[in-house]
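Scope of the values below: all heavy atoms of this structure, side chains included, with no hydrogens, waters or symmetry mates.
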Amino acid sequence: MDCKSYIDERKKLWEKTKDIDLDKQWRIASWYELIENEETFTELIKNPWYLMEMHFTVVDKEFNEVPFFLNEVQENFLNNTLLPLIEKQNKKEIEQIKIKILKGRQQGFTTLITAFQLCLAITQDGFRGFTMAHDNDATNSIFSDIAKGFFDSLIDEMKEKPKRSNARELVFSGNNSAWRVATAGSKGAGRGKKLKMLHNSEKAFWKDMRKNAAAISQALTNYSIEIDETTANGYNEFKDDWDDIKNGHSKWIGVFYEWYKTKEYKKSFKDSSYTEKEFIEAMESGQRFMNVDSKFMNLLKELKNKVNLSIYQLHWYFDKRLELKEDVFQEYPCTEEQAFLYSGRPYFDVELIDLELLRNIKPIRIERNGEIEIYEEPIANERYVIGSDVAEGLDCGDKSTFFILNTRTGEEVANGEYILEPDDHGRLLNKYSKIYNNALISVEANNHGHSTLNTLRNECKASLKLYVRESDPDERKKKVKDRYGWLTTEKSKSFMLDEIDSALRNGHIRIKSQRVLKQFRSILKEDGKVNVNGKDMVVAAAIAWTTRNSRPRSSFLGL
């Protein structure tokens, strides 16, 4: 038999008997059989992680000793992320493996990674593994409840008496391997070690995260493995690192696991004060239920329709919402954006935005290699407005954007985000204005917006399609005649953000693009101020909506 066959046999025995003593007898017998089979034993040494499901046991939530079989999330991470990277590393295609895991509570990653390190420590010569926890309680729990529990559960025939087994460390003299756990920031943690694997647990909760992470990472050897796993802790340094991964500016790989990937998260209606039928009716109608607002009930309905969750999974999530209130989104997120929600004060209604993100509307067409998304072709006799934010050009990192809105329905029909010189941006705006029935173009008139406006007026001869703002007192004093475009000031910025916020909450505007929605979601209000730097799609959408509503003295006739 190969190693997988042994695992399957153990699973079948357990499913049939649920007897831990019989399981131990099987482990003893199978071990003697395995070591006499040179081919299978060699397979195990090359793939030591098989030991986890062949021989480890854990204590379950009812405090019973049971075999350690991987759950769906653990198996997915191991087989789809970690092992393929190890295969590449073994072929010398990559050197260091660096993975960040963003997840919900109690999905089993600390248990899995600890078990994985112990498998390597037991089977490999000179292995050095290390786990860094976020506080002392977690450090003690990882050692005593997880690592020591795994080691103590091994059959005697497999055990080598550790050279040292204290409150934080297992050291094996036979193969000169060791595994240790410490608390982030503790004196000398990891220094002087040559680590082959490093597990940073709940890293978003570390004090002085960057400083402590840098110190321990220096101990890693070439061809090592480093894994960060954590629930989110708001908009902190870990959020910055995660954004770098998503923007392609990091050597790390990021993986996210939604709460519902853990199949055991489900709940019957046995002890509920309401019936299953009452719950389903409230969810399907989107009505407020048990003091839970309609937005959450609509979210449940979307999870049912889009993710195909069972009624018992949905009821479990509803129960967590009753228990944790809004913190449920951070503790048990449906999206990675949702995980980072409750730090600072979101400017827009993120529950509504999350509902749209979950609907996951796809563009009907993309252009310029994805820089432009089309959601609806132009319709005869419909009127459109284009809002635009202008970047500085090719030497600058930010991007020029546009957002096209159907003025009657309030629906997004297209958007664009790209790096172009301001004059080329103007030519592209003129192109899409023509496509969408000579749509009104409202360009932010600040800084490089003037160059875009000049191109539209002088080269494209598009003055009749340009938004003309009402003059403010300062402009009247200065006798400003050229009032083309949207002028952003502190006052006008607050006005346009309030206008589009109201439109979102009241369902007057429909934003479809995932990238636009994610920018809306990330804007925070801190100390009464709102920073939209780098959120150029939000600015473009807000300009489009506010222009649509303001109806100034301009050429936009027929609105």
> Between K98 and D228, is the closest basic N to carboxylate O distance under 4.0 Å?
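No, no charged N to carboxylate O under 4.0 Å.
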
> Would you please say whether a donor-acceptor pair under 3.5 Å links the side chains of S144 and N140?
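Absent: no donor and acceptor within the cut-off.
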
> Strictly below 4.0 Å, N to O, side chains only: are K12 and D8 in salt-bridge contact?
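No, no charged N to carboxylate O under 4.0 Å.
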
> If the threshold is 4.0 Å, N to carboxylate O, is there a salt bridge linking E331 and R105?
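Salt bridge: yes.
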
> Checking side-chain polar atoms at under 3.5 Å, does H55 have a donor or acceptor matched by the opposite partner on Y6?
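No donor-acceptor contact under 3.5 Å links the two side chains.
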
> Does the pair D243/K239 count as a salt bridge with the N-to-O cut at 4.0 Å?
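A salt bridge links D243 with K239.
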
> Test the K267-Y312 pair against the cation-pi criterion, namely NZ or CZ under 6.0 angstrom from the six-membered ring centroid and within 45° of the ring axis.
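Negative - K267 is either too far from the ring of Y312 or too far off its axis.
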
> Please enumerate all residues that pass salt bridge (charged side-chain N to carboxylate O under 4.0 Å, His left out) together with K11, with sequence neighbours excluded.
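With sequence neighbours excluded, K11 shows a salt bridge (charged side-chain N to carboxylate O under 4.0 Å, His left out) to E53, given in chain and number order.
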
> Just grab all the ring-ring contact (aromatic ring centres under 6.0 Å, His included) pairs involving residues 70-93, residues at least two apart or on different chains.
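Those involving residues 70-93 are F77-F109.
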
> Between Y375 and Q514, what is the shortest heavy-atom contact and its length?
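Shortest heavy-atom contact: OH-N, 4.2 Å.
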
> Dump the intermediate steps for ring-ring contact (aromatic ring centres under 6.0 Å, His included) on Y265 and Y332, then the final yes or no.
CA-CA 10 Å; Y265 287 165; Y332 300 98; 5.7 Å; yes

> If I take atom CG from residue L112 and atom CE from residue M52, how far apart are they, to the nearest 0.5 angstrom?
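If I round to the nearest 0.5 Å, the distance is 5.5 Å.
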
> Which residues satisfy the side chain to side chain donor-acceptor pair (under 3.5 Å) test with N212, sequence neighbours excluded?
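Partners of N212 under the side chain to side chain donor-acceptor pair (under 3.5 Å) test: none.
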
> Any ion pair linking R321 and D293 (charged N to carboxylate O, less than 4.0 Å)?
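Looking at D293 and R321, the cut-off is met.
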
> Ignoring hydrogens and angles, state whether a donor on the side chain of E237 or W206 is under 3.5 Å from an acceptor on the partner side chain.
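No donor-acceptor contact under 3.5 Å links the two side chains.
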
> Salt bridge between E9 and K4, side-chain N to carboxylate O under 4.0 Å?
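So E9 does not pair with K4 through a salt bridge.
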
> Any salt bridge between R359 and E356, counting N to O under 4.0 Å?
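Salt bridge between R359 and E356, a charged N being under 4.0 Å from a carboxylate O: yes.
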
> For a quick check under 3.5 Å, do N90 and Y223 share a side-chain donor-acceptor pair by atom type?
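Absent: no donor and acceptor within the cut-off.
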
> Show the nearest heavy-atom pair for residues C3 and T40, with the distance to one decimal.
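The answer is SG-O, 4.0 Å.
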
> Side-chain donor-acceptor pair under 3.5 Å between N175 and D125, yes or no?
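No - no donor-acceptor pair under 3.5 Å links their side chains.
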
> Mind telling me whether F150 and F68 have parallel, tilted or perpendicular rings, with 30° and 60° as the class edges?
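If you compare the ring of F68 with that of F150, the planes turn out tilted.
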
> Under a 4.0 Å N-O cut-off, is there an ion pair linking E337 with R521?
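So E337 does not pair with R521 through a salt bridge.
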
> Any luck finding a side-chain donor-acceptor pair between E202 and T231 under 3.5 Å?
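Yes, because at least one side-chain N or O of E202 sits under 3.5 Å from a partner of the opposite role on T231.
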
> Taking only Lys NZ, Arg NE, NH1 and NH2, and the carboxylate oxygens of Asp or Glu, determine whether E157 and R27 approach each other closer than 4.0 Å.
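Salt bridge absent between E157 and R27.
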
> Any ion pair linking D349 and K295 (charged N to carboxylate O, less than 4.0 Å)?
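The answer is yes: the pair qualifies as a salt bridge.
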
> Can you tell me if Q89 uses its side chain to pair, donor with acceptor, with the backbone of E95 under 3.5 Å?
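Flag set: sc Q89 to bb E95 pair under 3.5 Å.
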
> Do the charged groups of E229 and K100 touch, with an N to O distance under 4.0 Å?
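Salt bridge flag = no for K100 with E229.
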
